[in-house]
Amino acid sequence: MYRNDFLFSSHLNYHINAAKPADDGALGAVNDIEGINLRMCTFEDFSNALLYERGLNPDFSFMDSSLDAVKPSDFVPENTYNFVDLAEYAKHTAITIGNMSLFSELQKIASAIESFMKNTAQAANTPSHVIRTFDDYNNFDIKSQPATMEELGSCVIGGGNEGAIKIAATFHESSTGKHPIVSIRFYSINNRVYLTNRDIIGIDNIYKANASLMEAFAYMSYHDYINNHFNYSFDKLLISDSIEIDSLDDMYNKHYDLRIYDKLYA
């Protein structure tokens, strides 16, 4: 009953204030809020911006207390943070620990962040990601298949009609230290044969914000290798149940934000 009374009172005050003629002070406060840069602000400013956006759009019905989940572990009230990235990191953490209630709240917060940035001057001032075109893999000089013993990483997934498939990553023959290129082959465990197709992925050319799971596998295998790990990162992603792979097609059709991986491990 108290919550309903509180909500009714809040909505009533909102409509009363909305009906009042705007004065210079109110306009100045709105301008101050719309001028907040969510990529570099204090938590107080971040909260004010998100609560303001929620007031404009009832769909962003997150609880006030949920905003605390976006704070970094070493939070200092006076410091400025990139709350856009922190919100994405918090979403990933919620999925990893299996707290879907928190994830749902963070989804609403992320939507409010996106809406706030879109509807304020930040949209014009924030540089967009450069989408790189896919390489023409036919132009690579393929000499011979690298030794399968020199794997950077591997995993086993369901392959649909092919049954279980082992995916293995190695360096491609044209790979260099400055421009790493990963070759991926597929082995049918049921039929005990290599599949004829092979993927060649330039690590530097992956669009991290929307990488296919195959690109994510190549990227994580490469970084595990240079960090002296093996079958660590992608396996951890599979175990977390944040993604579900039922066939080889899912490795191409489903996507993952590698910027989250960079924040966690790179």
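Counting begins at 1 with the first residue of the sequence. Computed from a predicted structure; not experimentally measured.
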**Student:** For a 4.5 angstrom cut-off between non-hydrogen side-chain atoms, does Ile33 reach Asp45?
**Tutor:** no
**Student:** Do Asp224 and Asn227 pair up side chain to side chain, a donor and an acceptor below 3.5 Å, judged on atom types alone?
**Tutor:**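 No, Asn227 and Asp224 have no side-chain donor paired with an acceptor closer than 3.5 Å.
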**Student:** If you define the side chain from C-beta out and look only at heavy atoms, does anything of Thr176 sit under 4.5 Å from Ile181?
**Tutor:**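 A side-chain contact is absent here, since even the closest heavy-atom pair is not under 4.5 Å.
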**Student:** OG/Ser66 to CG/Leu102 distance, rounded to the nearest 0.5 angstrom?
**Tutor:** 7.0 Å
**Student:** Give a yes or no on whether a salt bridge exists between Lys208 and Asp257, defined as a side-chain N under 4.0 angstrom from a carboxylate O.
**Tutor:** no
**Student:** Please report the interatomic distance CG(Leu86) to OH(Tyr81), rounded to the nearest 0.5 Å.
**Tutor:**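 That separation rounds to 8.5 Å.
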**Student:** Heavy-atom count check: over 12 atoms from other residues, nucleotides or ligands less than 6.0 Å from Glu114 CD?
**Tutor:** no
**Student:** Measure the shortest side-chain to side-chain distance between Asp85 and Lys263 over non-hydrogen atoms and say whether it is less than 4.5 angstrom.
**Tutor:** yes
**Student:** Hey, are Arg54 and Asp64 close enough for a salt bridge, meaning a charged N less than 4.0 Å from a carboxylate O?
**Tutor:**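 A salt bridge is present here (some side-chain N lies under 4.0 Å from a carboxylate O).
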**Student:** Mind listing the closest non-hydrogen atom pair of Val84 and Met117 along with its distance?
**Tutor:**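 Of all heavy-atom pairs spanning Val84 and Met117, the closest is CG2-SD, 3.6 Å.
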**Student:** Taking salt bridge (Lys or Arg N to Asp or Glu O under 4.0 Å) as the test, write out the residues that go with Glu53, two or more places apart.
**Tutor:** none
**Student:** Is Glu105 reaching over with its side chain to a backbone N or O of Met63, donor-acceptor style, under 3.5 angstrom?
**Tutor:**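 Flag set: sc Glu105 to bb Met63 pair under 3.5 Å.
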**Student:** If you measure from CE on Met214 to CG on Asp249, what distance do you get to the nearest 0.5 Å?
**Tutor:**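 So the CE of Met214 and the CG of Asp249 are separated by 9.5 Å.
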**Student:** What verdict does the side-chain contact (heavy atoms from CB on, under 4.5 Å) test give for Ile157 and Leu248, after you've listed the backbone C-alpha separation in whole Å, the side-chain angles of each residue and the deciding distance to 0.1 Å?
**Tutor:** CA-CA 7 Å; Ile157 64 165; Leu248 192 57; 3.9 Å; yes
**Student:** For Ser61 and Lys108, which heavy atoms make the closest approach, and how far apart are they?
**Tutor:** OG-NZ, 3.6 Å
**Student:** Set out, in order, the CA-CA distance, both residues' side-chain angles and the distance that settles side-chain contact (heavy atoms from CB on, under 4.5 Å) for Tyr207 and Glu215, then state yes or no.
**Tutor:** CA-CA 9 Å; Tyr207 178 50; Glu215 291 174 317; over 6 Å; no
**Student:** Heavy atoms, side chains only, cut-off 4.5 Å: are Asp250 and Tyr252 in contact?
**Tutor:** no
**Student:** Start with the C-alpha distance between Ile184 and Phe217, add both sets of side-chain angles, then the distance that settles side-chain contact (heavy atoms from CB on, under 4.5 Å), and finish with yes or no.
**Tutor:** CA-CA 9 Å; Ile184 299 176; Phe217 169 71; 3.9 Å; yes
**Student:** Identify whether Val193 and Phe186 are in the same connected component of the hydrophobic contact network (ILVMFWY, side-chain heavy atoms under 4.5 Å).
**Tutor:** no
**Student:** If you take all heavy atoms of Leu213 and Phe234, which pair is closest and at what distance?
**Tutor:**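 Taking every non-hydrogen atom into account, O-CE1, 3.8 Å.
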**Student:** Under the ring pair (Phe, Tyr, Trp, His ring centres under 6.0 Å) rule, what do Phe171 and Tyr225 come out as? Steps first, then yes or no, please.
**Tutor:** CA-CA 10 Å; Phe171 279 119; Tyr225 172 82; 5.3 Å; yes
**Student:** Do Ile165 and Val156 have side chains that approach each other closer than 4.5 Å (heavy atoms only, starting at C-beta)?
**Tutor:** no
**Student:** Hey, quick one: are Ile239 and Met251 part of the same hydrophobic cluster, counting side-chain heavy atoms closer than 4.5 Å, chains of contacts allowed?
**Tutor:**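 The answer is no; the residues belong to distinct hydrophobic clusters.
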**Student:** Please tell me if the side chains of Ile109 and Lys91 come closer than 4.5 Å, counting only heavy atoms from C-beta onward.
**Tutor:**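 SC-SC contact between Ile109 and Lys91 ruled out.
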**Student:** Under 3.5 Å, is there a donor-acceptor pair between the side chain of His255 and the main chain of Asn253?
**Tutor:** yes
**Student:** With a 4.0 Å cut-off, would you call Lys71 and Asp68 a salt bridge?
**Tutor:**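 So Lys71 pairs with Asp68 through a salt bridge.
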**Student:** For the residue pair Asp204 and His179, what are the closest heavy atoms and their distance?
**Tutor:** OD2-ND1, 3.6 Å
**Student:** Ring centroid separation for Phe43 and Phe75, is it under 6.0 angstrom?
**Tutor:** yes
**Student:** Decide whether Met40 and Leu50 are clustered together by the hydrophobic rule: side chain heavy atoms of Ile, Leu, Val, Met, Phe, Trp, Tyr closer than 4.5 Å, transitively.
**Tutor:**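 In one cluster: no.
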**Student:** Flag the pair Thr42 / Pro77 as yes when at least one side-chain heavy-atom distance between them is below 4.5 Å, and no otherwise.
**Tutor:** no
**Student:** Do Glu151 and Lys166 meet the salt-bridge criterion of a basic N to acidic O distance under 4.0 Å?
**Tutor:**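 The answer is yes: the pair qualifies as a salt bridge.
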**Student:** Any side-chain heavy atom of Cys155 within less than 4.5 Å of one from Ile167?
**Tutor:**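 In short, these two side chains touch, coming nearer than 4.5 Å.
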**Student:** State, to 0.1 Å, how close Ser221 and Gly153 come at their nearest heavy-atom pair, and which atoms those are.
**Tutor:** OG-CA, 3.9 Å
**Student:** Who are the side-chain contact (heavy atoms from CB on, under 4.5 Å) partners of Ala87, not counting sequence neighbours?
**Tutor:**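 Val70, Ile113.
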**Student:** Please say which of Phe116, Phe46, Tyr89 ends up in a ring-ring contact (aromatic ring centres under 6.0 Å, His included) with Phe83.
**Tutor:** Phe46
**Student:** Run the numbers on Tyr261 and Lys236 for side-chain contact (heavy atoms from CB on, under 4.5 Å), then give the verdict.
**Tutor:** CA-CA 11 Å; Tyr261 170 83; Lys236 191 171 183 179; over 6 Å; no
**Student:** Considering all heavy atoms of both residues, which atom of Ile36 and which atom of Ala49 are nearest to each other, and what is their separation?
**Tutor:** CD1-CB, 4.0 Å
**Student:** Looking at CZ of Phe62 and CD of Gln107, how far apart are the two atoms once the value is rounded to the nearest 0.5 Å?
**Tutor:**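 Result: 13.5 Å between the selected atoms.
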**Student:** Hey, could you give me the CG/CG distance between Asn48 and Leu51, rounded to the nearest 0.5 Å?
**Tutor:** 6.5 Å
**Student:** Could you give the distance from CG (Asn57) to OG (Ser111), rounded to the nearest 0.5 Å?
**Tutor:** 9.0 Å
